[in-house]
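Notes for the one structure printed next.
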Number of protein chains: 2
Amino acid sequence: MELNDAVSALGSLAQPARLKVFRLLVKTGVEGMCAGELSRQLDVPKPTMSFHLKELTNAGMISAERDGRTITYTIRKEGIQQLMTFLTEDCCQGRPELCLPVSDDEKQCCN
Amino acid sequence: MELNDAVSALGSLAQPARLKVFRLLVKTGVEGMCAGELSRQLDVPKPTMSFHLKELTNAGMISAERDGRTITYTIRKEGIQQLMTFLTEDCCQGRPELCLPVSDDEKQCCN
DNA sequence: TTTATAGTTTTAGAATTATGGAACTAAATG
DNA sequence: CATTTAGTTCCATAATTCTAAAACTATAAA
């Protein structure tokens, strides 16, 4: 990842409605949520939501899949991972996890 | 950390000059760097740099300390930590380090 | 106490981003 | 085929953010 990609990723998250979308999709995981449902749940008009979803998609933070006439959006895990790596690249000898509070028990991974 | 703080933190990083400042200050660690030096090294006019430094400071990503007539800026580690925690809150059972590539050897911490 | 240096604030214009109605496309249903 | 439903694109306006010259504040040095 290079600077401009990171700026675009950060910018895509730096807006209330979009950050809410992102966090909602983090929660729904692989299930994801369709555009209309996001629009309803976050009380954002459809064209506005569509605009925001496009921003997040272009920035590589979420991805879209059409099924019939609904389009389901899911979080794109590599997106946030790459961003976090970039932000902490030269911190803690390049191992940002050393900066974060880590509990040692039960290290099962959700990937 | 709540949504608006995160939006402000993300917004403060979502700009090329500011992201460069942030990364430069990550590298310089506790030493930090003064406003004029940042202005010179990144080739940004002083008033513009001052504006960007204020944004980053207000967002809690860096902090300022005056010594004589120079003001030295340093990274504020809690800022980026809190942001990363917020972004991955409900991912990986709230333990984002499980999503990141972790090497197990030598876990000395830089805090 | 003048002068130089480091940095900020003010300010006004430029550029970018956000909003949502209206019109559109695509798929499903009668 | 006509209609409904899901979603997007277009477009004009509004709002926010960025830029840097000019003027200002604070400290240090002559």
Between the protein and nucleotides 1-5 of chain D, which nitrogen or oxygen pairs come in under 3.5 angstrom?
{"from": "D:dT5", "atom 1": "O4'", "to": "A:Arg69", "atom 2": "NH1", "distance (Å)": "3.4"}
{"from": "D:dT5", "atom 1": "O2", "to": "A:Arg69", "atom 2": "NH1", "distance (Å)": "3.1"}

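Applying the side chain to side chain donor-acceptor pair (under 3.5 Å) criterion to A:Gln82, with sequence neighbours excluded, gives no partner residue. Every residue meeting the side-chain contact (heavy atoms from CB on, under 4.5 Å) condition with B:Ser39, not counting sequence neighbours, appears here in chain and number order: B:Lys46, B:Met49. Under the salt bridge (charged side-chain N to carboxylate O under 4.0 Å, His left out) criterion, A:Arg40 pairs with A:Glu37, not counting sequence neighbours. Listed by chain and residue number, nothing satisfies the side chain to side chain donor-acceptor pair (under 3.5 Å) test with B:Arg66 (two or more places apart in sequence, or in another chain).
Once rounded to the nearest 0.5 Å, the distance linking CZ of B:Arg76 with CD of B:Gln81 reads 10.0 Å. The CG atom of B:Leu83 sits 9.0 Å away from atom CE of A:Met84, with the distance rounded to the nearest 0.5 Å. Here A:Thr88 contributes atom OG1 and A:Phe86 contributes atom CZ; the two are 10.0 Å apart, rounded to the nearest 0.5 Å.
Here chain A contacts DNA chain C (any atom closer than 4.0 Å to a heavy atom, that is under 4.0 Å), and the contacts span C:dA18 to C:dA28 from 5' to 3'.
For DNA chain D, the neighbouring residues in residues 49-68 of chain B, judged by any heavy atom under 4.0 Å, are B:Phe51, B:His52, B:Gly68. For the contact set between residues 5-12 of chain A and DNA chain D, defined by any heavy atom under 4.0 Å, there are no members. Near DNA chain C, defined here as any heavy-atom distance below 4.0 Å, the residues from residues 29-47 of chain B are B:Cys34, B:Ala35, B:Gly36, B:Lys46, B:Pro47, listed numerically.
The two residues A:Leu87 and B:Phe22 have their closest heavy-atom pair at O-CE2, 3.5 Å. A pairwise comparison of heavy atoms in B:Thr28 and B:Met33 identifies CG2-CE, 4.0 Å as the closest pair.
Residue A:Arg18 contributes atom CZ, which lies 13 Å from atom C1' of D:dT16 at whole-angstrom precision.
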Q: For the pair A:Leu25 and A:Thr74, evaluate side chain to side chain contact (heavy atoms under 4.5 Å, CB included) and give the outcome as yes or no after the intermediate values.
A: CA-CA 6 Å; A:Leu25 293 184; A:Thr74 51; 5.9 Å; no

Q: Mind running side chain to side chain contact (heavy atoms under 4.5 Å, CB included) on A:Leu24 and A:Leu38 for me, showing each step along the way?
A: CA-CA 9 Å; A:Leu24 197 40; A:Leu38 286 166; 3.9 Å; yes

Donor-acceptor pairs under 3.5 angstrom involving side-chain atoms of residues 56-65 of chain A: please list them, not counting sequence neighbours.
{"from": "A:Thr57", "atom 1": "OG1", "to": "A:Leu53", "atom 2": "O", "distance (Å)": "2.6"}
{"from": "A:Asn58", "atom 1": "ND2", "to": "A:Lys54", "atom 2": "O", "distance (Å)": "3.4"}

Acceptor/donor pairs from residues 3-18 of chain B side chains to any protein atom, 3.5 angstrom cut, sequence neighbours excluded:
{"from": "B:Asp5", "atom 1": "OD2", "to": "B:Glu2", "atom 2": "N", "distance (Å)": "3.4"}
{"from": "B:Ser12", "atom 1": "OG", "to": "B:Ala9", "atom 2": "O", "distance (Å)": "2.7"}
{"from": "B:Gln15", "atom 1": "OE1", "to": "B:Ala17", "atom 2": "N", "distance (Å)": "2.9"}
{"from": "B:Gln15", "atom 1": "OE1", "to": "B:Arg18", "atom 2": "N", "distance (Å)": "3.2"}
{"from": "B:Arg18", "atom 1": "NE", "to": "B:Ser12", "atom 2": "O", "distance (Å)": "2.7"}
{"from": "B:Arg18", "atom 1": "NH1", "to": "B:His52", "atom 2": "ND1", "distance (Å)": "3.0"}
{"from": "B:Arg18", "atom 1": "NH2", "to": "B:Gly11", "atom 2": "O", "distance (Å)": "3.1"}

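Hydrophobic clustering, with ILVMFWY side chains joined whenever heavy atoms are under 4.5 angstrom apart, keeps B:Phe51 apart from B:Leu19.
Taking the side chain as every heavy atom from C-beta outward, B:Thr72 and B:Asp67 never approach each other to under 4.5 Å.
For the pair A:Gln15 and D:dA15, the criterion of a side-chain N or O lying under 4.0 Å from OP1 or OP2 is not met.
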